[in-house]
Amino acid sequence: MWIPTEHEKYGVVIASFRGTVPYGLSLEIGDTVQILEKCDGWYRGFALKNPNIKGIFPSSYVHLKNACVKNKGVSLCRPGSSGTSSVEQADLKLRDSPCLYPPSAGIKGQFEMVIPTEDSVITEMTSTLRDWGTMWKQLYVRNEGDLFHRLWHIMNEILDLRRQVLVGHLTHDRMKDVKRHITARLDWGNEQLGLDLVPRKEYAMVDPEDISVTELYRLMEHRHRKKDTPVQASSHHLFVQMKSLMCSNLGEELEVIFSLFDSKENRPISEDKEELHREGERFFLRLNRNGLPKAPDKPERHSSLFVDLGSSELRKDIYITVHIIRIVYMCNTESEWYQIHENIIKKLNARYNLTGSNAGLAVSLQLLHGDIEQIRREYSSVFSHGVSITRKLGFSDIIMPGHSSVAQLPHGSSYCIGQPGPKCLNRPHANQAQLYDVSGEMRNDLYITVERGEFEKGGKSVARNVEVTMFIVDSNGQPLKDFISFGSGEPPASEYHSFVLYHNNSPRWSELLKLPIPVDKFRGSHIRFEFRHCSTKEKGEKKLFGFSFVPLMQEDGRTLPDGTHELIVHKCEENTNLQDTTRYLKLPFSKVIFLGNNNQTMKATKESFWITSFLCSTKLTQNGDMLDLLKWRTHPDKITGCLSKLKEIDGSEIVKFLQDTLDTLFGILDENSQKYGSKVFDSLVHIINLLQDSKFHHFKPVMDTYIESHFAGALAYRDLIKVLKWYVDRITEAERQEHIQEVLKAQEYIFKYIVQSRRLFSLATGGQNEEEFRCCIQELLMSVRFFLSQESKGTGALSQSQAVFLSSFPAVYSELLKLFDVREVANLVQDTLGSLPTIMHVDDSLQAIKLQCIGKTVESQLYTNPDSRYILLPVVLHHLHIHLQEQKDLIMCARILSNVFCLIKKNSSEKSVLEEIDVIVASLLDILLRTILEITSRPQASSSAMRLQFQDVTGEFVACLLSLLRQMTDRHYQQLLNSFNTKEELRDFLLQIFTVFRILIRPEMFPKDWTVMRLVANKYPLGRQRYSDLYDFKASLHSDVIITTVLYLSDALRKNFLNENFDYKIWDSYFYLAVIFINQLCLQLEMFTPSKKKKVLEKYGDMRVTMGCEIFSMWQNLGEHKLHFIPALIGPFLEVTLIPQPDLRNVMIPIFHDMMDWEQRRSGNFKQVEAKLIDKLDSLMSEGKGDETYRELFNSILLKKIERETWRESGVSLIATVTRLMERLLDYRDCMKIGDVDGKKIGCTVSLLNFYKTELNKEEMYIRYIHKLYDLHLKAQNFTEAAYTLLLYDELLEWSDDPSGSS
């Protein structure tokens, strides 16, 4: 016995089945099937590629897959009902056969929608590849070889990625990466094949039924814009790999140094372009005697990635410079070695012309785009074998916060607030946020450039050969091991030896070294430089003659300041022991300090040594003012000065010690709020606004964490509110408002501190002074409302302050919600926004800021709550209405409206939503219609950018209108129609909305691949069915937004504009809209692929039939007024009936009988109907419309309709004439498809020509086909026949002797 399946609903065919058994269903391997019933190892169902053909197949041939079922158990109709189609009747007959099926009361499951529960990306891949497979074969047939091969390659890529997803062994990040690659390839293929754009969220297809029309529009627009405008990478990286050095006379080991040089600025590339002495890091590697890398087993030493190059640095005057130094015991004779690369680039010296040289360097280069994490993902091969990272000097444009942990710090290094001292000021305490570079790594790098020296001859007749040796010595006098880096690519060393310039007492080296010294080693450490003379006579002899040193940290806790330092060269004997550091550390080290102290005993020294230092640290500071502020308890008399100097401190120094600085400020406030309250407030404002800078905006979460977890100022809210109100009260009087505007800009975080402080106070006191706090907030907002309500004249300081306040005010809502009920906050916000003046002509920029404030309000957490939304909605709509009325800031208005509708659940019947729709309809529907009419009637902009912006805003307004209409219920429509006081107002509204609908239907409204948007914007489940007696529409009735609205408005048409109130213009507009709706290209299902047609029918139904039924219904209501539309509507209705949809034809063809009847009553004949039918048939069928089925259906339906008419004979004659004309037109059209001119083409043309002359007496049509016959003869080179054809035309002409007569 056959029983309906409950769980076995969906499967994939794993072996082909020929279907040779009775009622067998032929299946091919890979087909997907939907299963309806099962019986003893057999299934009954259909292949999804052809759901109309059902049959049986073995269950062993199908691999079942999990699926969910929508419309479970839905049946179309009862057997034998009038709505049963021929296909369904055949299926019922098959089921009633005693050999296989028991009688059944219905076809259970026939309209179930089965959706696989596998990953949606897998489902999309599978269905897309099936569609592509068919089209791919057609590419081969059409000889489009290039696309054929590219698509084949992409399909194989997708299949490989699909296998990776199905295996299920991918990490979460890798899975996202694979899905991104899959969807990118699917989109590329769909675009190449002219398929539809797929809306997605997080790589998964979106069901349009689950989101609002506005949200769908945004998804489509985002994907469309992304497709047209590729994202430009803001960060770039250069991968450099050393291969080999080719030279005929190597013989020694070499050091090779790569760097990037800016020839325009005459300096190496660095981050800070204001400091010209700063260099970028270098890539350093050693080569053996054969010119190959010295460590072949360590590939990370052979290659480097120069990271974080900006787009401005990708230009032709950026060079890769390579310095190659031999490791031999001889001196460098290049006195200009430090600038040799510049001399070569600028060709300043002819000796560097290497034309014809047999030397060469083999290097591999690759430019990579994107952030470093993206590079790691997409170019994993670069990192898999190891690669060194070469950074630019200094921090990136963006500094990242991070957190250190106690485990990473040395013992005793935590910083204790209240016990400051130089010893611990430069060390982070546990869990304190620290600066990180853009790569996310903490940095503590001291860069030293060994610049130059000035030395005496030392009693010799010639200059010295000076070598510099550098050590890092700790506080115990011991050299630090492995903290001197010559460049990326080689491990750090314990000492540095410079190259030696031959006989040069003023040598210039300009060698950059990086010293990655740990923070805990800085205090007490110093760098020592030793100077030796290298003899050229006795190899290996190096005589010490002097030394210099420089401490890394000063006594007050500051590190060595950035810049160039002139160090004193202390003379010493050759055998001097420098291991005992106490012997020289008390000596002056810098010429600046030495001369400042005016030490007469050492004035005789003329030797100097110059270095340049630059600290790139996320932990240490060089700023004394910052240290003074943090040590405020030790110097209470300096508090005022320290607070004043805070604004002069560099931002990177402040964010290094952000938590300590904030604790210091609130500690000072607790100490004496009366004295320091305003100063602390101003300092807090400065820090808050500092975090608005793009370089530091990543520290906002750090401040948020501080407020939530570390802030302890339970009394601070009183002083903060007091000072903030003091500033607000003086806005209207102050002449200079720059500082006040800074305060208003910081209001978000000021309120965060106020709210957190109040919460701490409430926890500590059990909620004391609650009413006092509420009063303070109310008074503060009253002051705000007063200053907002003031009308500023022009672009004055007051309007600028209002704009600054409005820009940041919405950020305060979420803070107020922590202390007040949602309704209280909504009322406070409504009162504040309601105080804004509504004058539009004062200051356009201020009006735009007001609207942006409204926009942020709609996007806020406060607005998402239904209770608060209903309170805020009127003020939002009020400002929107004003701007739309003035046609200003339309882009922002569209965005706000979209956000409003995105929050309203689709088809929601909640009372709050229905009330919101009431308010929106009453306030905005009319102005929204007028706005769409206005912007679509404007001339197109000339520039592509403006044109794109115009399309965006038009599409968004259209989506808003569709969303609104989609949400409207019977009650809303009734209220809308009853709101018009006169018929004239109703008439204007109906004409307006019909015009807008016609605009919506235009092909150019949305891009051609937005079929989903066009259909979903239309689809709407309609509760009432108005023509069950006319047409049993299949499944649950689906209609579109336009149809739904038309159904409601048609009632108004019938009630108000019929009989004595008949209005031709509005009825004509209605029918015109209906006809162009049916003719929309996106609704012509016959043009779709079978799979796409199936999906559309399942989800949306055939909306052409629905509108056809509506046309028929309204036509029937016209009565004698039908005569006004005869013969005007014959052509449009005929075009509708020519659409190859049987149900639509069955509905619309009877209208022609009605036209014939009414024309007969009026004129006693229907010649007008006949003439119009013949004229339109010829033009429409020549366009390819109509078929043999239509001819037969037209003949049979109309003959049946006129059987009982008194004018039956003349009607039969007309129908026969039109039918014969259609027959000849179809023959003519078929013949003309043949390439060559033959007798059949000519015969069909002659037949049609004679038909127009003898049977129809249509001279103009006869002449048209004379010319077509003439062209055929000419093409076939039958010149005689062509001449005789023109004679036929000549016979129609008459000669007149009357000079005023017309031929």
Side-chain angles (χ1 to χ4, degrees), residues 259 262 265-282 338-339 391-396 399 425-426 435 443-454 468 470 472 483-485 496 498 506-517 519 522-523 525-529 547-570 587-597 605 607-628 645 648-654 656 695:
S259 59
D262 187 342
E265 300 287 346
N266 293 328
R267 62 178 177 84
I269 290 180
S270 66
E271 191 70 42
D272 192 341
K273 296 175 176 53
E274 295 178 0
E275 299 288 344
L276 299 185
H277 62 270
R278 296 184 185 176
E279 299 183 11
E281 287 189 18
R282 307 181 300 177
Y338 70 97
Q339 62 180 14
R391 292 188 178 90
K392 290 161 66 175
L393 203 63
F395 288 118
S396 301
I399 300 179
L425 280 174
N426 280 315
L435 269 72
R443 296 182 65 179
N444 196 60
D445 301 327
L446 177 63
Y447 292 91
I448 297 292
T449 303
V450 179
E451 296 284 5
R452 61 190 179 92
E454 289 288 343
V468 181
M470 186 180 83
I472 308 171
F483 286 117
I484 300 177
S485 174
Y496 154 77
S498 72
S506 301
R508 297 194 67 161
W509 296 278
S510 295
E511 287 204 274
L512 175 70
L513 304 169
K514 182 171 76 171
L515 313 183
I517 306 171
V519 178
F522 252 76
R523 175 160 291 281
S525 296
H526 67 277
I527 303 173
R528 186 174 70 230
F529 302 92
F547 71 92
S548 297
F549 71 94
V550 59
L552 297 183
M553 187 174 284
Q554 301 176 28
E555 288 298 323
D556 61 0
R558 288 180 292 168
T559 57
L560 180 68
D562 293 346
T564 300
H565 309 278
E566 183 181 358
L567 305 182
I568 298 171
V569 177
H570 298 278
L587 297 173
F589 64 90
S590 169
K591 280 284 185 81
V592 175
I593 298 174
F594 166 62
L595 295 175
N597 292 335
T605 179
E607 295 185 315
S608 296
F609 176 64
W610 284 268
I611 64 169
T612 300
S613 69
F614 171 60
L615 179 68
C616 180
S617 175
T618 59
K619 301 178 180 180
L620 302 176
T621 184
Q622 300 166 318
N623 193 288
D625 293 334
M626 173 59 71
L627 295 176
D628 290 341
K645 291 179 181 178
E648 301 171 8
I649 299 175
D650 184 73
S652 60
E653 296 296 320
I654 294 176
K656 281 183 191 178
K695 189 171 185 177

Enquirer: How long is the gap from CD1 on I472 to NE2 on H526, to the nearest 0.5 Å?
Expert: 10.5 Å
Enquirer: Can you find a pair of side-chain heavy atoms, one from D562 and one from L615, that are under 4.5 Å apart?
Expert: yes
Enquirer: Are F483 and L515 side-chain neighbours, meaning at least one heavy-atom pair lies under 4.5 Å?
Expert: no
Enquirer: Drop me the distance from I448's CD1 to T612's OG1, to the nearest 0.5 angstrom.
Expert: 8.5 Å
Enquirer: Evaluate side-chain contact (heavy atoms from CB on, under 4.5 Å) for L567 paired with F589, printing each intermediate quantity in order.
Expert: CA-CA 6 Å; L567 305 182; F589 64 90; 4.3 Å; yes
Enquirer: Which pair of heavy atoms, one from M626 and one from E653, lies closest together, and at what distance?
Expert: CE-O, 3.8 Å
Enquirer: Is there side-chain contact between P561 and Q554, with heavy atoms separated by less than 4.5 Å?
Expert: yes
Enquirer: S498: what forms a side-chain contact (heavy atoms from CB on, under 4.5 Å) with it, not counting sequence neighbours?
Expert: E467, V468, Y496, W509, E511
Enquirer: Working to the nearest 0.5 Å, report the span between CG of L587 and CD1 of I568.
Expert: 8.5 Å
Enquirer: Quick one: closest heavy-atom pair of I517 and N444, and the distance?
Expert: O-ND2, 2.6 Å
Enquirer: Should the ring pair F549 and H570 be called parallel, tilted or perpendicular, given that the plane angle runs from 0 to 90° and is split at 30 and 60?
Expert: parallel
Enquirer: Using a 4.5 Å cut-off on heavy atoms from C-beta on, say whether the side chain of E451 contacts that of S510.
Expert: yes
Enquirer: Any idea which heavy atoms bring S608 and E566 closest together, and the distance?
Expert: OG-OE2, 2.9 Å
Enquirer: Can you confirm whether V450 sits close enough to F609 that some side-chain heavy atom of one is under 4.5 Å from a side-chain heavy atom of the other?
Expert: yes
Enquirer: Rounded at 0.5 Å granularity, tell me how far OG in S485 sits from CZ in R282.
Expert: 9.0 Å
Enquirer: Taking salt bridge (charged side-chain N to carboxylate O under 4.0 Å, His left out) as the test, write out the residues that go with D445, two or more places apart.
Expert: R443
Enquirer: Compare every heavy atom of Y447 with every heavy atom of C616, then report the nearest pair and how far apart it is.
Expert: CB-CE1, 4.0 Å
Enquirer: Could you grab the distance from atom CG of D628 to atom CD1 of I649, nearest 0.5 Å is fine?
Expert: 8.5 Å
Enquirer: Any chance you could measure I611, atom CD1, to R452, atom CZ, to the nearest 0.5 Å?
Expert: 13.0 Å
Enquirer: Which heavy-atom pair separates E454 from S506 by the least distance, and what is that distance?
Expert: OE1-OG, 2.8 Å
Enquirer: Please identify each residue that fulfils side-chain contact (heavy atoms from CB on, under 4.5 Å) with L560, with sequence neighbours left out.
Expert: V550, H565, S613
